[in-house]
Amino acid sequence: MKYILLFITTFAFAQQTQFVDFKSVSAQLSLNAKEKTVSGAVDYDFEVLQPIDTIKIDAKNMEFTKVKIDGKEAVFVNTGKQLQIINNFGKGKKHLTFDYSVKPKQALYFVDIENSEVQIWTQGQGRYTSNWFPSFDDVNEKVIFNLGISYDRGYQVVSNGILKEKTKIGDLFHWQYQMEKPMSSYLLMLAVGKYDKKELKSKSNIPLEYYLENKDLARFEPTYRYSKRIFDFLEKEIGVKYPWEIYREIPVRDFLYAGMENTTSTLFATRYVVDSIGFTDRNYTNVDAHELAHHWFGDLITAESSTHHWLQEGFATYFALLAERDIYGDDYFYSKLYDTAQQIKFASRTDTIPVLNAKASSLTFYEKGAWTLFVLHESIGDKAFKKAIKSYLKKYAYQTVNTADFFSEIKKVSDFDLEKFQKTWLESTAFDTPTANALLSKNKTIQLRLEVDKLKKTSLADKKDFFSKTLNSDVFYAAKEAIVDQLENEKYEAKKDLLLLAMHTNNVQVRQTVAETLTKIPEDFRMEYETLLDDKSYQTQEVALYWLWRNFPDHRTEYLNKSKNWIGFNDYNLRTLWLSLALSTPNYTDNPEGLIAELIAFSSSKYEAGTRQNALEKLIAFKIINDQVLTNLASSTTHHMWQFSKFGRDTIRILLKNPEMRASFERILTNLTPDEQFQLNRLLKEV
């Protein structure tokens, strides 16, 4: 009999949204940064639509007390993955309250900063919010969330919705946030840090709040250069008013991704906090537009399952590109589409999973999804496309959707053959190159770019005049970059004149392509190449400094003197490179110990993962390795960013092949934390 009961219960959970509708939740939370825990009192309102014996809330590794239904103690089971309340629930409105505590294994991160400061932030996309807050892994369960958070004064605390109240309680402040409309649980967020903020208003009078750490206030303008413009553009382009009460953007340290569209409060990686020079190579514009577009496509209407994930990522990618078109122009817009078309075509040689598949790649969901919308937009016309988008958003607001729902709105405005279109763009892994090229060729820069691509196998002598003419023209820089790329494997004497033309375009991106492709620098090109050191681009400066140092040993002191005060991006790319080059240049410095200490410090946990990896790569490449370096490397293996921890593990595997390095790792083992010891022991046994 117990097996039958298990089947019924499991079935009921699979269909829980048909039996139970959770309406709203209020919670009062406390965060303990030292213990890395969350605790709180939670208050859910829900309605039973059909009689059911068990109601389930996703909750991983949590402890529960005071579980009550309508004020009466409830029978509950804590499975370690769910809170299950057992009762003979009849139809009607109910009230669930409980206290909980948890030390989250993921989804909520405590990032230590110097001087005992901390940043706390969440990342719930997928099914992760239930690691820190009892909620719903099913996106189809949409709830109005209202969180109150108590934390130390001196910190800004942000959650979804409007800040209704901020009150002082002893040494703490209590921040009470309130939402007006429902959303899926993966969009629930917290962010805590020492921030300043600037407040603006959109054309439609929506409050806009832009946050930066106190130390970064000078970077406000370049970081948020186009943020308000993007907001105003997307509201107008989409044709539906921004569906929430407020919009915030907050950079957080060691964020897992570029950005995340938590409803009303986007979090993004600090790598996009830039000065005016950093803006050239690493600006926030695209991520900014993408995450904001999600507030319609993802937050307002949510794909009912991963099969239809393109309805979020494809839409956000496409509308972000439309916003960039408004800022940077048509040539930029078409060049971006051209580049992604090349990526999709290349990937389609081995990628056998189409857009309409839960296992599709990010490239497929994002870029091919965006291409699908571009083709549809061009095929049915701007007026019909916008009308369909508007009706789609209004009809399904605060609900979940699938591809058929979207196409049903397209059918109302056009007799376009959607069945054939779906097979071509959503169900096939092939890329429709003829259609793509026909649409791209509306742009003159792309016409020229296609001509350049056709000449890849043509001898340089036969295409040199055409290349020269193009480099001398005012065509968009992407076509000129393509020419420089084609020159990479040509003999220097044959291409020298063209390289000089490329350099004299005075375009940062074109000159950067020369820097990256000309790694063996002839003496008679040295002075020309040296001008790259003065370009307003930290990326160009990094590439140029390294290759000049490698190619011209007699000039190393000159290059190092010129660059000794460079810092670069906020990951210190230029400073870490300079330190490693200075230490590798005989007789350059009188204080090698000081430089070594500085470079090793960049590899420590005081800095973000990008800075640490940058420093560790240089320390190991230049063979500046001691016990502290190995300790910092071992520390990387436990970092919450999988890319950095993977780098650490892979690097240790390589080093362990050297018996001396193995002995060194074994020597430092006892000085590591238990988690670090566990990871290093695994690697020692493996290699």
Side-chain angles (χ1 to χ4, degrees), residues 212 215-227 229-230 251 258 269-288 324 327-329 331-332 335-336 339 445 471-485 499-519 521 525-552 555 558-579 581 610-611 614:
L212 279 181
K215 67 180 178 61
D216 289 325
L217 284 184
R219 298 181 176 191
F220 180 86
E221 190 283 325
T223 298
Y224 291 117
R225 181 167 292 172
Y226 295 118
S227 295
R229 177 172 174 173
I230 289 167
T270 53
R271 73 187 308 270
Y272 298 108
V273 175
V274 295
D275 59 19
S276 56
I277 296 176
F279 184 90
T280 303
D281 298 308
R282 196 184 280 185
N283 65 72
Y284 176 51
T285 308
N286 179 264
V287 176
D288 189 342
E324 287 188 290
I327 296 166
Y328 301 123
D331 286 344
Y332 178 92
S335 292
K336 285 281 289 268
D339 289 341
T445 288
L471 288 168
N472 272 314
S473 72
D474 61 357
V475 71
F476 192 62
Y477 69 82
K480 298 179 182 181
E481 283 184 302
I483 289 172
V484 176
D485 279 331
L499 290 176
L500 287 168
L501 285 176
M503 293 288 281
H504 295 165
T505 61
N506 292 323
N507 178 275
V508 172
Q509 288 89 350
V510 176
R511 286 169 59 86
Q512 187 176 104
T513 307
V514 174
E516 292 169 340
T517 56
L518 189 66
T519 58
I521 311 163
F525 202 78
R526 175 176 59 81
M527 293 183 69
E528 186 69 40
Y529 195 99
E530 285 172 352
T531 66
L532 293 164
L533 295 172
D534 296 316
D535 278 19
K536 299 297 184 183
S537 160
Y538 296 138
Q539 191 169 317
T540 301
Q541 289 178 315
E542 181 179 13
V543 173
L545 176 60
Y546 177 74
W547 288 116
L548 284 166
W549 183 90
R550 280 285 301 270
N551 279 269
F552 303 107
H555 293 268
E558 173 190 338
Y559 301 142
L560 290 170
N561 286 342
K562 181 179 179 67
S563 56
K564 65 182 178 181
N565 294 318
W566 290 359
I567 300 297
F569 297 113
N570 58 10
D571 63 5
Y572 301 90
N573 68 310
L574 293 180
R575 183 60 182 169
T576 52
L577 175 62
W578 184 89
L579 287 167
L581 296 180
T611 303
N614 203 2

Starting at [atom1] of [X], measure out to [atom2] of [Y] and round the result to the nearest 0.5 Å.
X: N614; Y: N573; atom1: CG; atom2: CG; answer: 6.5 Å
X: K564; Y: W578; atom1: NZ; atom2: CH2; answer: 8.0 Å
X: D288; Y: I230; atom1: CG; atom2: CD1; answer: 4.0 Å
X: W549; Y: E558; atom1: CH2; atom2: CD; answer: 15.0 Å
X: S537; Y: I277; atom1: OG; atom2: CD1; answer: 9.0 Å
X: N507; Y: D474; atom1: CG; atom2: CG; answer: 12.0 Å

Evaluate the side-chain proximity of [Y] to [X]: yes if any heavy-atom separation is below 4.5 Å, no if none is.
X: L532; Y: Q541; value: no
X: S563; Y: L533; value: no
X: Y546; Y: E542; value: no

Point to revise | Test side-chain contact (heavy atoms from CB on, under 4.5 Å) applied to V274 and N570, step by step | key: CA-CA 7 Å; V274 295; N570 58 10; over 6 Å; no
Practice item. Could you tell me whether K562 and D534 make a salt bridge, using a distance below 4.0 angstrom between a side-chain N and a carboxylate O? Key: yes
Practice item. Using a strict cut-off of less than 4.0 Å between a Lys/Arg side-chain nitrogen and an Asp/Glu carboxylate oxygen, indicate whether R225 and E221 qualify as a salt bridge. Key: yes
Practice item. Show your reasoning for whether side-chain contact (heavy atoms from CB on, under 4.5 Å) applies to Y272 and T223. Key: CA-CA 7 Å; Y272 298 108; T223 298; 5.7 Å; no
[X]-[Y] side chain donor-acceptor pair, cut-off 3.5 Å:
X: T285; Y: N283; value: yes
X: Y226; Y: E324; value: no
X: Y538; Y: D275; value: yes
X: D281; Y: Q512; value: yes
X: R511; Y: T531; value: yes

Identify the heavy atoms of [X] and [Y] that sit nearest to each other, and give their distance.
X: T611; Y: Y572; answer: CG2-CD1, 3.8 Å
X: T280; Y: K536; answer: OG1-O, 3.3 Å
X: P251; Y: L212; answer: CG-CD2, 3.9 Å
X: L471; Y: K480; answer: O-NZ, 3.6 Å
X: S276; Y: P222; answer: N-CG, 3.8 Å
X: Y529; Y: A515; answer: OH-O, 2.9 Å

Exercise for review: Run the numbers on Y559 and F552 for side-chain contact (heavy atoms from CB on, under 4.5 Å), then give the verdict.
Suggested key: CA-CA 10 Å; Y559 301 142; F552 303 107; 3.8 Å; yes
Review point. Hey, mind stepping through L500 and F525 against side-chain contact (heavy atoms from CB on, under 4.5 Å) and telling me if it holds?
Key: CA-CA 9 Å; L500 287 168; F525 202 78; 3.7 Å; yes
Check your understanding: Would one find more than 12 heavy atoms of other residues, nucleotides or ligands at under 6.0 Å from atom CZ of R550?
Key -> no
Review point. Can R282 be said to sit on top of F569's aromatic six-ring, NZ or CZ under 6.0 Å from centre and within 45° of the ring axis?
Key: yes
